[in-house]
Each structure stands twice: as C-alpha cells, then as structure tokens.
Amino acid sequence: MEIPKTYDPKITEDKWYSYWLQHKFFKSVPDNREPYTIVIPPPNVTGVLHMGHMLNNTIQDVLIRRARMQGKNACWVPGTDHASIATEAKVVALLKEKGISKTDLSREDFLKHAWEWKEKYGGIILKQLEKLGASCDWDRTRFTMEEDLSEAVIDVFIDLYKKGQIYRGVRMVNWDPQGLTAVSDEEVQHKEVNSKLYYVKYKIEGSADEWITIATTRPETILGDTAVCVHPDDERYRHLHGKRCIIPMVNRSVPIITDDYITMEFGTGALKVTPAHDINDYNLGVKHKLEVIDTIAADGKMSEAAKFYVGEDRFTVRKKIAKDLEEMGQIVKVEDIKNKVGYSERTNAVIEPKLSMQWFLKMDKISKPALENVLNGEVKLIPEKYVNTYKHWMENVHDWCISRQLWWGQRIPAWYDNKGNTVVCKTKEEAIQKLKGINSEVKSEDIRQDEDVLDTWFSSWLWPISVFDGFKNPEGKDINYYYPTNDLVTGPDILFFWIARMIIAGYEYKGQKPFSNVYLTGIVRDKLGRKMSKQLGNSPDPIELIEKYGADGVRVGMLLCAPAGNDLLFDESYTEQGRNFSNKIWNAFRLINGWETADVKQVPANKTAIQWFEAKFNEQLEIINDLYSKYRMSEALMATYKLVWDDFCAWYLEMIKPEFVDGKSLPIDQETYDATIIFFEKILKVLHPFMPFITEEIWHLIGERAEKDCIIVAEWPNTSGKTDEIVKHFDVVMEVITNIRNIRKQKNISPKEKLQVFEKVNQGEVISTYDEIIIKLCNLSSFEYVTSNVDNAFSFVLKHAEFFVPLSQNMDVEAEKERLSKDLEYNKGFLKSVEIKLANEKFVANAKPELIENERKKQSDAMAKIKAIEEQLAGLK
RNA sequence: GGGAGCUUAGCUCAGCUGGUUCAGAGCAUCUGCCUUACAAGCAGAGGGUCACUGGUUCGAACCCAGUAGCUCCCA
C-alpha cells in the first residue's frame, strides 16, 4: 500500500471519532477505579465555537485523555447554558426579522418560539467540539434549563428563601435599556469614552439675577433633578446654604444641600442631584430624603414624568436639551472630557442606573467557606496570582441581584395576591393554599406569579452538582462517585460570575468543594494583543482552521501559544507549526514502516542507540509528567515535541536507520526493529492527549490490533525512575558530532565526502562505545585514537579530549590561528573569572563546599583546555 | 481614585530557595543542502546592557527602594 508523503487529517479524523463513539470509549459509569472528573463550562446554547472555547476545551480534553490512559475512570460532562439574556436577545431579533415584536406575544407564545429555536440551532457548538476531538461522555449532556436542572434551581431558590438568605428590595440596578433587564455589576464593562461636560446655570430662587453653575455629562437628567449639592466647606457657596434654586425648563424649586461627598475640584464644585438616575445621587437622596423623579423609562426613552421630550431617546435628548438650554442662555460653557461609561456586556448598550424591585441573595454568610477554602488551598487556583483577586472580591462581596426581567429562564417561584402578600413556593396550588392562609378572601384569579426569571448564573452555579443529579438524588451513585470533581478549566473573566459561586454552592449544598483545581486559561487575543471579537473580525473560524491544519495541528497550535495563565496572542503560524509536527510524526511512521527485517546480527551501535533512547525517554517522560502535575500544558507539549522531533527523529532514527546500497535500503535486524516499534508506541501514547487522531491512526497502522485495542485506552507509559549515565555520555557525543558537522559546513565540504577524525584523549578513560554512531552521523571513513597532535588538521577541544579533522585541501593557517586564538581568549577569560572567585576570601568562606569544589574543577578543566589550545596554536606553521 | 500583575532574543515565553559560561526554548532570520521518511524537510550559524536608576551581598535576571511603560480587576 502506498502511504502518502503528507499526513491527511481529513481521512482519519471523522473515522476515528466515530470509532471511539461506537466503542463507547468516552462513556463513564461509576466503578471501583479512581474517578477523574471534569464538568465543561457550559457554552451558551446559542453560541458557536470561538477561539476561547478551542483553548479551554483542548486543555480539558488533554487532561481527560491523559487521565483515561492513566487508568482512571475519566468522565467529562458536556452541556450547554440557556444564557437568558443572550438567547432571549437572539430570539427577539429573529422574531423581529419575521415582523413579530416580543410585546405582541404572550409569555407562553414567546417561550414556544424560544424553545423551537433552541431545538433547531442549540447545541451546534457541541457538534463543533466533536471536530476538535473532545472526548466528552455525550450520554451525559445536560442543559441548564432542562427539567431536572430547572427544578434544582427552583428548589434552591425556595430553600435559600426559607433560610432568610433571599430578599426582595428596591435597588438601584444596572439597567440595560436594550435587553430590558437588570444586569449585575459584574456584567457592566466600564469603558473610557470622549464626552462633553456641560456647565449649566440654575437660578437661585427669590434672587433677581443670582445663579449657581453645575457641571454635568448628562444634561438629559436635569429634568429629574431634585437638589443641588455643594461641599459644606466650600467658601464659594457658603452664602447659598439653605437656599433653593430653580431647575431649568421644568421650573422646579429644589434645595441646595451640603455633603462632604462632593469633590470641590471637579467641575464647579456644585453637583446636580438626580436620585433616580445615578447610584451616588441615589445614595445622597436617601441620606437627605430627596424626592425621586424617574424621568427615563425602561427602554431608555424619556418618560411622562420628564414632562419634556417624552418618548424621545436619552441620547437624542442630550443633544436637544443642550441646544435648548443654550438658547435659553443657561449654558455657561461646554468642555471635552474623558470619562468612564458603563456598557452592558451582553448587548453593549449604555447602562442606565435605574431604581427597581429586584430579588437579592445575601452573600455575606454564604460566601465565607468559599473564601476560606481557597485561601487554605483546599481549592487551588492556577495560576496562584488569582487567589489575590479572588480574596479581594470575596471580602467585598455585594448581595447578588438574581432577578432578570426576561422570559427565557427559570421563572421566580414567588406569588403575590392583590393585597401585596408574597409567598414563595413551587406550584400555583401551593401558593393558593398559602395565600389563603394569610388572606382568606383571596381568589385564585387574583394570584400572580412574579414575572421575572432568575439570573443565568443562578442555575450554572449549581452545575457541578446538578449534572450528577445531586439535588434530585443527593445520595445517588453518580454524585457520590464523581463529586467533588477534579479540575475545572475556564477563563479568569468569569472568576466571580461562576467559579466563586460554584464554590459557594458546593459548600452550601454538598458541604464540600465542587472541584480541587481551577485552571484559569488566558484570554485569546490576536497578534496585536486585541481581544478576539466579531466586530473587529479578527477571530479566525475554528472550524476552518481545523479543515486547514487538522484538529491535531490546531490543538497543538493552541497550546503552543498558551503559557500558563497568561493571555495568549494567537497567530495562525502556530497551527501551521502544529500541522508540520503532525507531518513529522507521519513521516517517522513512513520510515519505520518501510523497513524490512532480516535475520542479521544487531550491530553494537544499534544496541547503544536503543539504550540511549530508552534512558532519554525515561528522563523526558518524568519531566513531562512533572509539568502536567503543575498544569504547565504548553511546556509539557514543548517537552513532548522535542522528545519526538529531536531525540527520536533527529537522533535515534538517524542512528539506527539502515544504509542505502544500490538503490535499496538494507534490512534492519529484528531486535532493533522491535525496540523501535516499542519506542514508537510509547511516543504515540505520550502524544495522544495532544494529538488524538494521528496517534490513533498510526497506532493501528503499525500493528495488528484487536477491536478495542486503541491508543485512547492504552496505558500511559511508566518511567523507571533511574537516571542513566548514558544520557550524560551522549550529550558529549552530540557535542562531538555537532562540532564535526560544523567544520564540514564551515569548510564547505560536501556531505558526501567521507572524513577522517582523530581523538586525543587528555583526561578520563577512552569510551569507544559511540564511535560507530559518530562515524555514521558524520559520514566518516574512520574514527581513530591518537596520543599526539595531528598535523595539517582542523581541530576542536572539548573538556576531555581534542579532535582532529585532517584536510585534503590546503588549510588557511591564518584563519585557523584566528579561530583558535579567539577560543583561547575566551577560555582565559573564563579561567580568570573562576580564579577571581576562588581568590575571594569571602566567597571561599561563605559559599557551600560543593560549590567551591565545582569552581576548582572548572579551574582545572579550563587550564587543561588552555594548554591544549596553546599546543595546537604552536603546531600551526 | 483603589488593588493586582507584567517588562528577558525580531515574536511568544521558561528561568523553582540569589551561585556551573546562566543568560535559555520554540518560532522567525541567515547560510548550505531537492542526502529515496519528511523542503510542512535536513545540517549549521547569528541574535539579548534581563525596562531604567540606586541599594543589599563575596556574588543579582532573581532580594529591596524608586522611576518609566504596559495589562487586568474594582469603584
């Protein structure tokens, strides 16, 4: 069978993915093995795969595949999040295209559309994960709004309400006028923008022509002003204390109050107070018992209460009122300034602070164990620097606003009668009963359920418990076996939204952490460091990348540029490197595959090569294991990469590769062949977590395999643990080889011309074990030992010996002299630095003995080397 | 405004408790090779005042202080 020169992922990926599925290798059921569990950060059900998903799911898959190979019962639970705001926004947009407005629909009809849409498009992202090779147990796929999970959410709400942890209150919330819902503080992004600062003068009541000038960036809120505030110590306004002024246009008389909250330096030092539309003003309003006039409606347009511009958008009004005030002569001046404005993370609309009735979860008590157990390392955050951020947040945690003015989500189980009584319970029947207990007159048609739904995070915070039915069946097999899970892999941007809250819920409902380790990935940015976004169009389509470079190539590419915990600047060249690596592995396979064995004796060089690689492999595998244990994924990958490319392909295979004679490859001895196959299998295993497809393909090509003998379930190689001297010896051999090759290159000698090399050993014993290997890798005709210098030869000096390469051509003596002189100078400098150190009494007195010993050795080595170089120089005529 | 962190080769990053010539890796670059596994390759080479300034120390990329620039989080 002809094997193509380049690896083609297209013919292997789908094939093996379905094979794995068919043989249920991803499936996990509790048994007596040690569990290894990851719950996926559920992507939005409406979402499509982006680079951030690629990164964290690649990492999760690497972890889960390695655990599986280590014999653990690996379980990766997939699923999606109902993402109330995002999904509802998409459904609304879709309906709008069809000419249907949300307000024309009943709640039930809207939800019907939403579910239809979810069924049709939802979960595309999970299909995409398959392309990446994600080995999730798809039978366990969950959805945060499915019946069981929703029930858990409602039960938790009721439970916390009963515990007195949930309350309803009027609060200034971050209102998203586009999404028509409140969003949490964490979902508001503050961006610096260019604004105008308007200086507007208000007339002092009862005066002929006395004015007070305030500065504001939001003149449209003037209509809702109910006071003007100055600092009590501000001399400029002392005479106005206790007086009143007139709000322009609406001609309302409001008090001039004093408060030391005011910054005298900002603007004019006089602040207009609009309690309905600014959180600080609201607090001032509460303190000074000011009237609240809500002039901006939910949709961001002026309300009836504003009296002017009713029904016009707040930003239009800002321009209009500025113009109108200008015409009235009440604008003093306008300045350009930069200030921070809050934007909704979901809809990117400018947040409007707004007073409304919301449900809250008290955070002070419930969050305590979640803080403690991160600080004491019970739950580890990786990298550790996030512990600080976490601590800071948890110590200053605000109550969590858990209601959202949406339909898509779990509806709040609170019921009201017409007299203002409230009960919290699961069903309407229960509510009727309870309310009748309070108010015997009440009729069931007067009973209404709260219109709002719960924040999406109020369901996803239960995820590690609810996916194992830990609420429905607290003593179930699954929850007891898989919980607490092992690792969570997600981005630091949701440290508070999600991670912190899962930890809180874990302790509140299971009395245990939800996971032991949290691996926080970086944020994927483009080459210029910009966040990947649709608007910028700087995000490559992951599926296209997979088609171009293969899933294995993309996985490798992602991890190559993903240093632990740092943002990563993604560039397609990394995936190209990943693809090239696939190809390298493929060709190593082609080489080995092409060998014919024969009943020939194993040459000693092959035996040495095998011993060396065995030792090298063990050494590197230990390093790789250690890097995994520290979650240093990109470094584990790089170590694997070098083990395969450099040690296995560039050195080992070149050493044992049979020679070509008369256009035919000589056969290889059986012993070496067998050892090589075993090495190659081990290499494939170590590669498998990173590159599942190509390794599975080759696994089956290099040997006859039983149906279930797949690399995905092969055993992770063991290490012997012993360090072998041969690796050290070989480092010197490699140095010799590189030096000889270097001479060849520098002197422009064709690689086909065979060279002679002589070694003069100056210290230590002669080790000739590697001579044949040197001969082969440097294309030598002979490698011999001498006791004196060889004339008319290029030379180089290593620690223990001198090497001579006699030249057929005439030697450029001057050039050689110069080269040796340089080398001599360098070594003299080195010796000097060592001697200075040793002459330093304080160093000798303070440094560790072994360190001093080492310095002495360096000294004698350097002296020997200098002597050798000097002799060679003297020999050059 | 408050807090956290970062600055090492052209790029992306390692460098654990200060001590081997400790200044490293991958990519990129340069040079030579179409050597029957792979040009998506092979062989070799050149790149850095470890942001800056001072201090501690026998010894500093590493510890301390200050300066500059950048990033993130919170208000």
Side-chain angles (χ1 to χ4, degrees), chain A residues 3 5-7 185-186 188-190 263 279-280 340 342 383 385-393 396 398 492-493 495-496 522-523 525 527 529 549 553 560-571 573-574 576-595 627 630 632 634-635 637-639 641-642 645-646 649-650 653-654 657 660 663-665 737-746 748-752 777-779 826-827 829-831 833-834 836-848 850-855 857-858 861-862:
Chain A
I3 297 163
K5 231 164 121 170
T6 47
Y7 170 65
D185 289 343
E186 291 78 27
V188 179
Q189 286 181 327
H190 297 271
T263 313
I279 181 66
N280 297 308
K340 293 237 175 138
K385 65 177 176 185
Y386 287 107
V387 173
N388 269 334
T389 320
Y390 181 86
K391 178 170 178 261
H392 190 255
W393 190 76
N396 299 289
H398 300 290
D493 46 336
L495 183 60
F496 310 128
I523 292 166
R525 298 171 180 280
K527 220 180 168 179
Y549 299 103
L560 277 176
C561 61
N566 284 355
D567 281 3
L568 51 112
L569 306 188
F570 179 82
D571 185 77
S573 63
Y574 288 107
E576 201 178 319
Q577 196 184 345
R579 178 208 53 188
N580 293 356
F581 188 37
S582 305
N583 203 42
K584 185 72 191 176
I585 298 162
W586 182 249
N587 276 289
F589 157 68
R590 284 181 64 221
L591 174 67
I592 296 168
N593 189 58
W595 288 343
L627 289 168
K630 292 175 179 145
R632 309 188 77 146
S634 63
E635 286 171 67
L637 170 60
M638 188 42 73
Y641 179 92
K642 287 197 276 190
W645 200 307
D646 298 343
C649 294
L653 289 180
E654 290 301 328
K657 188 158 109 181
F660 242 82
K664 253 178 59 186
S665 169
I737 293 170
T738 305
N739 268 288
I740 296 171
R741 282 171 174 172
N742 194 6
I743 286 181
R744 188 189 282 279
K745 175 82 206 304
Q746 275 177 354
N748 251 326
I749 306 163
S750 153
K752 285 172 185 155
L777 296 189
C778 294
N779 192 25
Y826 171 86
N827 279 285
F830 175 55
L831 178 64
S833 77
V834 174
I836 287 172
K837 219 183 242 184
L838 285 168
N840 184 333
E841 281 169 33
K842 286 189 178 168
F843 171 72
V844 181
N846 293 329
K848 288 180 209 142
E850 57 266 34
L851 200 69
I852 296 167
E853 194 45 49
N854 210 345
E855 292 296 317
K857 189 162 181 306
K858 273 158 64 182
D861 283 354

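Hydrogens, waters and symmetry mates are skipped; everything else that's a heavy atom, side chains included, is used. In what follows, every chain begins at residue 1, and chains take the letters A, B, ... in the order their sequences are listed. Note that this is a predicted model, so its numbers are computed, not measured.
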Can you tell me the distance, in whole Å, between the [atom1] atom of [X] and the [atom2] atom of [N]?
{"X": "Tyr574(A)", "N": "G26(B)", "atom1": "OH", "atom2": "C1'", "result": "9 Å"}
{"X": "Asp861(A)", "N": "U20(B)", "atom1": "CG", "atom2": "P", "result": "16 Å"}
{"X": "Lys657(A)", "N": "G41(B)", "atom1": "NZ", "atom2": "P", "result": "15 Å"}
{"X": "Leu838(A)", "N": "U20(B)", "atom1": "CG", "atom2": "P", "result": "14 Å"}
{"X": "Phe496(A)", "N": "C72(B)", "atom1": "CZ", "atom2": "P", "result": "15 Å"}
{"X": "Asp571(A)", "N": "U12(B)", "atom1": "CG", "atom2": "C1'", "result": "10 Å"}
{"X": "Arg744(A)", "N": "U35(B)", "atom1": "CZ", "atom2": "C1'", "result": "11 Å"}
{"X": "Tyr386(A)", "N": "G3(B)", "atom1": "OH", "atom2": "C1'", "result": "15 Å"}

Between Ser582(A) and Gly553(A) the two heavy atoms that sit nearest each other are OG-N, 4.1 Å
Counting side-chain heavy atoms from CB outward, which of [options] is closest to [X]?
{"X": "Lys5(A)", "options": "A39(B), C58(B), A37(B)", "answer": "A39(B)"}
{"X": "Lys385(A)", "options": "G5(B), A37(B), U35(B)", "answer": "G5(B)"}
{"X": "Asn388(A)", "options": "A37(B), A40(B), G5(B)", "answer": "G5(B)"}
{"X": "Asn587(A)", "options": "A43(B), A37(B), C58(B)", "answer": "A37(B)"}
{"X": "Cys649(A)", "options": "C38(B), C27(B), A37(B)", "answer": "A37(B)"}
{"X": "Asn742(A)", "options": "G44(B), G3(B), C27(B)", "answer": "G44(B)"}
{"X": "Gln577(A)", "options": "G26(B), A37(B), A14(B)", "answer": "G26(B)"}

Closest-nucleotide mapping onto RNA chain B: is Arg741(A) or Pro751(A) further toward the 5' terminus? I mean the 5' end.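 Final value for this comparison: Pro751(A).
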For [N], does either OP1 or OP2 sit under 4.0 Å from a side-chain N or O belonging to [X]?
{"X": "Arg579(A)", "N": "A40(B)", "value": "no"}
{"X": "Asn580(A)", "N": "G41(B)", "value": "yes"}
{"X": "Trp645(A)", "N": "C42(B)", "value": "yes"}
{"X": "Arg632(A)", "N": "G15(B)", "value": "yes"}
{"X": "Tyr641(A)", "N": "C27(B)", "value": "yes"}
{"X": "Lys584(A)", "N": "A40(B)", "value": "no"}
{"X": "Thr738(A)", "N": "G44(B)", "value": "yes"}

By salt bridge (charged side-chain N to carboxylate O under 4.0 Å, His left out), Lys657(A) pairs with (sequence neighbours left out) Glu654(A)
Please classify the nucleic acid contact of [X] as base, sugar-phosphate, or nothing, using heavy-atom distances under 4.0 Å.
{"X": "Phe581(A)", "answer": "nothing"}
{"X": "Lys642(A)", "answer": "sugar-phosphate"}
{"X": "Gln746(A)", "answer": "nothing"}

In terms of side-chain heavy atoms, does Arg590(A) have a donor or acceptor partner in Asn587(A) at a distance below 3.5 Å? yes
Backbone N/O of Ser750(A) and side chain of Arg744(A): donor-acceptor pair under 3.5 Å: yes
Asn583(A) side chain vs Arg579(A) backbone, donor-acceptor pair below 3.5 Å: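 No, the answer is negative, given that no donor and acceptor are paired below the 3.5 Å cut-off.
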